[in-house]
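Read through the structure below, which is laid out as structure tokens, and then see the notes.
This one's a predicted model, so the numbers in the text were calculated from it and none came from an experiment. Numbers restart at 1 for each chain; the letters A, B, ... are given by sequence-line order, proteins then strands.
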Amino acid sequence: QQQVKQSPQSLIVQKGGISIINCAYENTAFDYFPWYQQFPGKGPALLIAIRPDVSEKKEGRFTISFNKSAKQFSLHIMDSQPGDSATYFCAASLNAGGTSYGKLTFGQGTILTVHP
Amino acid sequence: EAQVTQNPRYLITVTGKKLTVTCSQNMNHEYMSWYRQDPGLGLRQIYYSMNVEVTDKGDVPEGYKVSRKEKRNFPLILESPSPNQTSLYFCASSLDRQNIQYFGAGTRLSVL
């Protein structure tokens, strides 16, 4: 059962364009929504994260938009650069407590290619 | 340097031959976890540990074992590997409720 669904699977964008990756979740108990960036041969690294009490969070060229009622969140990369080419994973985490502490559920991943 | 170290990075083995992938973190993190990454499926959690001697199953625990005898180490054990366990494996650790997980560089396992 895939509790976090991510789309698209792959995305090609020209340099300077906007990259948009979408995720939808099912479990309303999720209370933390991070995005991870993974370069080839490396482990994923936290890029940006949001909690459901805000609708948007921006860090530099990266923005998370969060729609609690629709149970969706998305990553926007403005002015995309070739160095942004990587695999991006959205994730969601359950409320802490009991044995659920820190358990992350990941989306399927999006391979982003930014052409120069 | 704060890091999560996995060994080996690459491993080719045969069906049924027991193997262990080690994971060590130097950040004094309480929480550690193992994931496998497969194309089109993202990262799926195998096992996790909230502290020493406290472990629990993730989403795909079948065929795997873990132990947490020391805070810094969290080895992944495949008692009898099968070809469907061919995958890219990641160990991760985190300090607290913020769930910022730090990942190792990965172990690519092939079971023939």
Side-chain angles (χ1 to χ4, degrees), chain A residues 1-10 21-27 29-52 57 59 75 86-111, chain B residues 2-7 9-10 21 23-25 27 29-51 53-61 66 68 74 87-108:
Chain A
Q1 179 185 3
Q2 188 70 42
Q3 294 193 55
V4 179
K5 295 184 179 180
Q6 183 173 346
S7 62
Q9 284 192 334
S10 62
I21 304 171
N22 300 300
C23 284
Y25 63 97
E26 299 170 3
N27 191 338
F30 286 143
D31 71 339
Y32 176 73
F33 302 89
W35 285 88
Y36 280 79
Q37 180 187 54
Q38 183 184 28
F39 293 106
K42 304 290 186 182
L46 180 68
L47 181 64
I48 186 172
I50 197 169
R51 297 194 184 276
K57 183 174 182 179
E59 290 184 2
L75 176 69
T87 300
Y88 292 82
F89 293 97
C90 63
S93 177
L94 290 168
N95 283 326
T99 58
S100 298
Y101 180 92
K103 186 181 189 305
L104 277 176
T105 299
F106 283 86
Q108 298 93 325
T110 297
I111 301 172
Chain B
Q3 60 185 4
V4 177
T5 303
Q6 297 177 226
N7 281 297
R9 292 291 313 278
Y10 303 91
V21 183
C23 174
S24 180
Q25 50 94 2
M27 296 170 279
H29 286 171
E30 290 189 349
Y31 178 87
M32 297 186 74
S33 183
W34 275 103
Y35 296 88
R36 61 178 289 173
Q37 182 177 354
D38 300 289
L41 297 177
L43 291 118
R44 294 177 294 167
Q45 191 176 55
I46 303 170
Y47 269 95
Y48 63 100
S49 169
M50 292 171 59
N51 213 326
E53 302 294 359
V54 181
T55 63
D56 204 353
K57 296 178 181 178
D59 297 317
V60 288
V66 293
R68 188 91 181 273
F74 190 44
S87 187
L88 179 58
Y89 291 86
F90 288 101
C91 179
S93 74
S94 67
L95 176 63
D96 56 23
R97 174 66 179 91
Q98 289 184 337
N99 295 305
I100 301 172
Q101 296 203 19
Y102 297 88
F103 284 79
T107 295
R108 186 167 293 280

| remark: Heavy-atom nearest pair, A:F106 first then B:L43, reads CB-O, 3.4 Å
| query | By a 4.5 Å heavy-atom criterion (distance strictly below it), what part of B:Q37 contacts chain A: side chain, backbone, both, or neither? | reply | side chain
| said: Run the side chain to side chain contact (heavy atoms under 4.5 Å, CB included) test against A:K42 and tell me which residues pass, sequence neighbours left out. | reply: A:F39
| request: Mind checking salt bridge (Lys or Arg N to Asp or Glu O under 4.0 Å) for A:K57 and listing every partner two or more places apart, or none if nothing turns up? | output: A:E59
| What's the spacing between B:S94 OG and A:L104 CG if we round to 0.5 Å? | 8.0 Å
| query | Should we say atom CD of B:Q3 is surrounded by more than 12 heavy atoms from elsewhere, each under 6.0 Å from it? | reply | yes
| task | Sort out for me which of B:A92, B:S33, B:A105 touches chain A most, counting heavy-atom pairs under 4.5 Å. | result | B:A105
| Which portion of A:Q6 sits near chain B, non-hydrogen atoms under 4.5 angstrom | neither
| request: For each of A:G109, A:G41, A:P44, A:G43, tally heavy-atom pairs with chain B at distances under 4.5 Å, and name the one with the top tally. | output: A:P44
| said: Counting only non-hydrogen atoms closer than 4.5 Å, does B:R108 touch chain A with its backbone (N, CA, C, O), its side chain (CB onward), both, or neither? | reply: neither
